[in-house]
Q: 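Before I ask anything, here is the structure I am working with.
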Protein chains: 2
Amino acid sequence: MPESTRTAPDLAGAAPGLFDMATPRGRLLRIAARLFGEKGFAGTTVRDIAAGLGIQSGSLFHHFRSKEDILFAVMEMVVEAINRDLAEAVAAAPDTAGRVRALIAVELHYLHGPASDATSVLFHEWRALPKARRSVLMNGRAAYFDLWQTVLAEARAAGLTPIEPEILRQLLHGALAWTSFWYRPGGALTPEALVERALALALKDEGRAS
Amino acid sequence: MPESTRTAPDLAGAAPGLFDMATPRGRLLRIAARLFGEKGFAGTTVRDIAAGLGIQSGSLFHHFRSKEDILFAVMEMVVEAINRDLAEAVAAAPDTAGRVRALIAVELHYLHGPASDATSVLFHEWRALPKARRSVLMNGRAAYFDLWQTVLAEARAAGLTPIEPEILRQLLHGALAWTSFWYRPGGALTPEALVERALALALKDEGRAS
DNA sequence: AGGATAACCAAGCAAGCGCTTGGTTGAGTT
DNA sequence: AACTCAACCAAGCGCTTGCTTGGTTATCCT
């Protein structure tokens with residue numbers, strides 16, 4: 001499939017995901033992310049993960065100290081990558097509407113591109129972490145939330161939306177996160193078209209739907 | 001707290017939830033819903049539920065044949081109730097925008113009113129059910145989805161949104177479902193104000209935010 | 001008074017869970 | 001040739017899981 005070069009960031013080398021498939025650790029994280037995404041963290045056993053790798057369940061603990069550490073590693077990886085790409089994409093956008101579109105495009109790209117498994121784990125399984133680790137993750141995401149809020153405040157000042165930035169951010173985040181339950185790329189609705197629909201939802205008078 | 005009498009339905013007698021607190025079965029479902037909502041289905045044990053009722057874990061199986069049956073009963077109860085209230089509220093609304101507001105208000109009322117635990121279980125834990133039972137639930141929700149889509153199609157025909165009804169329905173459903181992770185009634189943002197924000201998100205030129 | 005029944009307890013079983021242990025293998029280094 | 005070490009296996013430990021069993025108690029119906 002061809003790249004979407006206009007607004008979405010280039011994740012290039014990370015093609016089969018954000019994990020290094022050359023190392024056992026990377027392969028482990030990849031299938032763990034897939035299983036956690038499919039059956040949830042509590043619904044996935046270390047034996048499931050081991051079976052996916054073709055090794056014994058005990059051998060997992062040569063690479064990670066606990067099942068929870070695996071979940072945390074998956075999430076940390078996504079947080080770092082998404083932070084980087086989001087800042088890049090926003091900096092490259094020419095105007096306010098372009099920045100909002102960039103935010104949406106990056107988030108949807110993570111939710112449905114090569115990193116989809118790991119991203120939906122980050123979005124949907126944070127309750128499985130103890131509070132201490134949850135707040136570590138939230139610290140890592142602070143920059144991400146700030147960026148959204150800054151751009152949305154800019155949009156509101158420009159008259160593109162009447163909704164307060166922090167509320168709009170949460171509503172949009174929910175709308176986008178939920179797409180992992182119903183949207184599948186490859187169908188009639190292209191990823192680019194989905195970005196435009198979400199943008200039409202976020203901003204007045206930017207709708208080019210249908 | 002006073003009722004919101006304008007558009008939200010009156011759930012009256014169901015005050016402490018939608019469960020009949022006079023029966024052991026109702027009390028069981030109530031605390032099961034709370035625990036499933038807090039820790040997830042797989043993260044909740046039958047011993048947790050029993051402890052919440054002050055009985056032995058084995059005694060649960062006098063009321064339900066399996067843990068999964070408990071989850072299913074919680075979900076069925078919400079599906080029935082929400083279907084009924086949604087149809088009522090939409091029928092009572094005077095115009096298109098009012099019908100969209102009614103849809104949003106009912107959904108948010110279920111997510112944050114007395115039935116909040118059970119509703120967020122329905123929205124977030126359906127993956128814990130085997131596919132056969134999932135499709136039983138989906139059949140029960142068909143009327144619900146149809147209603148949303150009909151009203152949103154009407155809104156689009158009236159020029160209130162450029163987004164296709166089925167896509168808008170999914171995006172809005174995500175935005176609303178996600179509020180259970182961040183919104184708490186009793187704070188600065190009232191439930192009524194949240195409804196207006198969500199309405200401003202759904203429809204053009206209906207924004208009265210700030 | 002006698003019988004049926006709903007609601008529970010006390011005890012525990014079989015299976016599955018996360019994780020540990022001690023040992024093996026094979027590629028890389030010197 | 002001797003050594004190191006990452007990557008794994010085979011076995012199983014201690015615990016928790018959902019659920020079963022046989023029996024007890026209180027309430028209601030007749």
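Lettering follows sequence order; numbering is per chain, from 1. Every value quoted in this text rests on a predicted model; they were computed, and no experiment measured them.
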Q: Please list, in numerical order, the residues of residues 126-134 of chain B that have a heavy atom closer than 4.0 Å to any atom of DNA chain D.
A: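 The answer is none.
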Q: Taking A:Asn83 for the side chain and A:Gly140 for the main chain, is one N or O donor matched with an acceptor at less than 3.5 Å?
A: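 Yes, because the side chain of A:Asn83 sits within donor-acceptor range (under 3.5 Å) of the backbone of A:Gly140.
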Q: Below 4.0 angstrom, which residues in residues 62-74 of chain B have at least one non-hydrogen atom near DNA chain D?
A: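 Those residues whose heavy atoms fall under 4.0 Å from DNA chain D, taken from residues 62-74 of chain B in numerical order, are B:Ser66, B:Lys67.
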Q: Just jot down the side-chain hydrogen bond (donor to acceptor under 3.5 Å, both in side chains) partners of A:His173, sequence neighbours excluded, or say none.
A: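 With neighbours one apart ignored, the set is A:Glu107.
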Q: In the structure I gave you, are the side-chain heavy atoms of B:Trp148 and B:Ile104 within less than 4.5 Å of one another anywhere?
A: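 Yes. Closest side-chain heavy atoms under 4.5 Å.
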Q: Is DNA chain D part of any stem, that is, at least 3 consecutive Watson-Crick or G-U pairs with both distances under 3.5 Å, and where?
A: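 DNA chain D forms these stems: C:1-30 with D:1-30.
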Q: Ignoring hydrogens and angles, tell me if any N or O in the side chain of A:Ser120 forms a donor-acceptor pair with the backbone of A:Ser180 under 3.5 Å.
A: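 Answer holds: no.
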Q: Go through residues 38-45 of chain A and report each residue with a non-hydrogen atom lying under 4.0 Å from DNA chain C, sorted by number.
A: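 Of all residues in residues 38-45 of chain A, the ones placing a heavy atom under 4.0 Å from DNA chain C are A:Thr44, A:Thr45.
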Q: Of all of residues 47-57 of chain B, which get a heavy atom below 4.0 angstrom from DNA chain D, listed by number?
A: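 Going residue by residue through residues 47-57 of chain B, the ones with a heavy atom under 4.0 Å of DNA chain D turn out to be B:Arg47, B:Ser57.
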Q: Quick check on side chain to side chain contact (heavy atoms under 4.5 Å, CB included): which of B:Thr23, B:Leu53, B:Ile55 does B:Leu28 satisfy it with?
A: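 When B:Thr23, B:Leu53, B:Ile55 are each tested with B:Leu28, the side chain to side chain contact (heavy atoms under 4.5 Å, CB included) holds only for B:Leu53.
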Q: Got A:Pro24 and A:His62 here, is their nearest side-chain heavy-atom distance under 4.5 Å?
A: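 No - every pair of side-chain heavy atoms lies 4.5 Å or more apart.
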Q: Scan B:Thr119, B:Leu194, B:Leu122 and name whichever one has a side chain to side chain contact (heavy atoms under 4.5 Å, CB included) with B:Leu111.
A: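 Exactly one candidate clears the test, B:Thr119.
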Q: Counting neighbours of CZ on A:Arg65 that are heavy atoms of other residues, nucleotides or ligands and sit closer than 6.0 Å, is the number greater than 12?
A: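 No, the 6.0 Å shell around CZ holds no more than 12 heavy atoms from other groups.
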Q: Centroid-to-centroid, A:Trp178 to B:His124, below 6.0 Å?
A: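 Ring-ring flag for A:Trp178/B:His124: true, centres closer than 6.0 Å.
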Q: Excluding sequence neighbours, so at least two apart, what forms side-chain hydrogen bond (donor to acceptor under 3.5 Å, both in side chains) with A:Gln170?
A: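 side-chain hydrogen bond (donor to acceptor under 3.5 Å, both in side chains) list for A:Gln170, sorted by chain: empty.
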Q: What range of DNA chain C does chain B touch, first nucleotide to last, counting atoms under 4.0 Å from its heavy atoms?
A: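 Extent of the interface on DNA chain C: C:dA6 to C:dG12.
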Q: Collect all protein-nucleotide pairs involving nucleotides 24-29 of chain D in which both atoms are nitrogen or oxygen and the distance is under 3.5 Å.
A:
none

Q: Rounding to an integer number of Å, can you tell me how far B:Phe61 CZ sits from D:dC19 C1'?
A: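 Nearest whole value for this atom pair: 5 Å.
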Q: What pairs with B:Arg127 under side-chain hydrogen bond (donor to acceptor under 3.5 Å, both in side chains), at least two apart in sequence or on another chain?
A: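 Expected list: A:Glu125.
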Q: When the side chains of residues 36-44 of chain B are checked against the rest of the protein, which donor-acceptor pairs come out under 3.5 Å, sequence neighbours left out?
A:
residue	atom	partner	partner atom	Å
B:Lys39	NZ	B:Asp48	OD2	3.0
B:Thr44	OG1	B:Leu35	O	3.2
B:Thr44	OG1	B:Gly40	O	2.7

Q: How would you list, by chain and number, every residue that makes a side-chain hydrogen bond (donor to acceptor under 3.5 Å, both in side chains) with B:Asp69, sequence neighbours excluded?
A: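 B:Asp69: side-chain hydrogen bond (donor to acceptor under 3.5 Å, both in side chains) contacts with B:Ser66, B:Arg133.
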